[in-house]
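These notes concern the structure reproduced below.
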Number of protein chains: 2
Amino acid sequence: MSLRHALLGLIAEQDGASGYDLLKLFEVSLATVWPATQSQLYGELGKLTEAGLIRVVEEGPRGRKAYGITEEGRGELLRWIVDVPVKPVRRDDSLLRVFFLGLVEPAKAQEFMAAQIAALGRRRDDLAALEGAIDWGDDDLSVYGRLVMEYGRRMYAMRAEWFRWAAEEMKALDR
Amino acid sequence: MSLRHALLGLIAEQDGASGYDLLKLFEVSLATVWPATQSQLYGELGKLTEAGLIRVVEEGPRGRKAYGITEEGRGELLRWIVDVPVKPVRRDDSLLRVFFLGLVEPAKAQEFMAAQIAALGRRRDDLAALEGAIDWGDDDLSVYGRLVMEYGRRMYAMRAEWFRWAAEEMKALDR
DNA sequence: GAATTCATGTAAGATGTTACATGATTAG
DNA sequence: CTAATCATGTAACATCTTACATGAATTC
């Protein structure tokens, strides 16, 4: 149930945010680590309110509801961050396909690998653009967000390197 | 719908495998890139059969059903591998928590980072053990499986390095 | 006054997890 | 004969995606 905690965390950091604000926050800050859709978000806000982990602290124009975290919510959030075992990352679409590249013609396989490397380059550029577009401050979300950005850079670089290496290995196999 | 294609791929490589065989194969070869549970697997085998992408080629003892891929299934598999755009990896439980480490006491945050590094070490060792336990041949699954193993090694190393770096950055912030 | 942004919600369907349920065959 | 392994399936529930639906406030 990490979406729940992602929301809880954002509300803890940005007190008084609305569902709409949180949706934007997801797009700019959590998009790379925990994407969420609008419908998921509003649904979860309702459940969190019902569970007493957050509450509506203010109602504004256009039905706007500003949320704040409750003491109970903060307790649950902190407990989750440090005490709940993390679930290791899994499910990697492109790696899954690599497993089956023996089934396609070598030229097609090389094309696939090249496409992955190109896509990684684009994503690295998107990340840089996002980094440039964000108004970084010295709030927690900025500070830790920058650390996570660096992770993204290293991740893309490592993957691109591996794809280049694996493509060469595959070429060698064909000979 | 990648589970569908993972199954299709395994059946293409290991003709005549049963649901049970495929489950074991998932555990040893696809576990790190695409985990699946037993119930998901049997359900999907039924759907794939109904869709005409695979078929029961033999029935054995204890109700065992051996599956084979159909021409249609092979077509769908190849189309998926090279033509369907890959979905980028996302959702990273530990990175999500890093985002919120500003909310916990510095000592607890350092503990969290240390625990992640330790967990990565254990997973690297598990991977090495798995690699040693597998009877590697020169079949496609072995050849490409080894490439993916190398990816796992690099991935764990990169993550451990980043966690160490980020932990130091965080220490510097506290001063 | 028209377009954009702000703002919230519901519904249907796909996918994934956990637990339950059953029984045949083989190895020791 | 007993335990482990082989073998398949269902049910309930949680989670995620895509699409639909509506309307107020602001900006140009």
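This one's a predicted model, so the numbers in the text were calculated from it and none came from an experiment. Just so it is clear: chains get the letters A, B, ... in the order the sequence lines come, proteins before strands, and each one is counted from 1.
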For B:Glu58 and D:dT8, what is the distance between atoms CD and P respectively, to the nearest whole Å?
-> 12 Å
Nucleotide D:dT17, atom P - distance to CZ of A:Phe26 in whole Å | 11 Å
B:Glu59 CD to D:dT8 C1': how many Å, rounded?
-> 12 Å
Do NZ/NE/NH1/NH2 and the carboxylate oxygens of A:Glu111 and A:Lys108 come within less than 4.0 Å?
-> no
Between A:Arg154 and A:Glu150, is the closest basic N to carboxylate O distance under 4.0 Å?
-> yes
Between the side chain of A:Gln110 and the main-chain N/O of A:Ala167, is any donor-acceptor distance below 3.5 Å?
-> yes
Provide, to the nearest angstrom, the distance between the CG atom belonging to A:Leu41 and the P atom belonging to C:dC6.
-> 15 Å
Whole angstrom is fine here: how far is it from CG in B:Leu22 over to P in D:dA7?
-> 11 Å
Terminal axes of the helix from C:dG1-D:dC28 to C:dG28-D:dC1 (5 end pairs apiece), angle rounded to 10 degrees, sit apart by 30°
Quick one: pull up CG in B:Leu8 and CD in B:Glu76 and give me the separation to the nearest 0.5 Å.
-> 7.0 Å
May I ask you to verify if any side-chain N or O of B:Tyr42 is less than 4.0 angstrom from the OP1 or OP2 atom of D:dT8?
-> yes
d(CG, A:Leu23; C1', C:dT5) in whole Å = 13 Å
Please confirm whether the backbone N or O of A:Val86 pairs with a side-chain atom of B:Asp93, one donor and one acceptor, at under 3.5 Å?
-> no
How long is the gap from CZ on A:Arg97 to CD on A:Gln116, to the nearest 0.5 Å?
-> 7.5 Å
Expressed in angstrom and rounded to an integer, what is the separation of A:Leu45 atom CG from C:dA7 atom P?
-> 13 Å
Determine: side-chain N/O of B:Lys65 to OP1/OP2 of D:dG9, distance under 4.0 Å, yes or no.
-> yes
So, the side chain of A:Thr70 versus the backbone of A:Leu53: is there a donor-acceptor pair under 3.5 Å, distance only?
-> yes
Check: A:Asp21 side chain, A:Ser18 main-chain N or O, donor-acceptor pair, under 3.5 Å = yes
Where along nucleotides 14-26 of chain C does protein come under 4.0 Å, by heavy atom, of base (B) or sugar-phosphate alone (S), with - for untouched nucleotides?
-> -SSBBB---BBB-
Partners passing side chain to side chain contact (heavy atoms under 4.5 Å, CB included) against A:Tyr151 (at least two apart in sequence or in another chain) | A:Met155, B:Asp92, B:Leu95, B:Met155, B:Met158, B:Arg159, B:Trp162
Please report, rounded to the nearest Å, how far the C1' atom of C:dA7 is from the CG atom of A:Asp21.
-> 10 Å
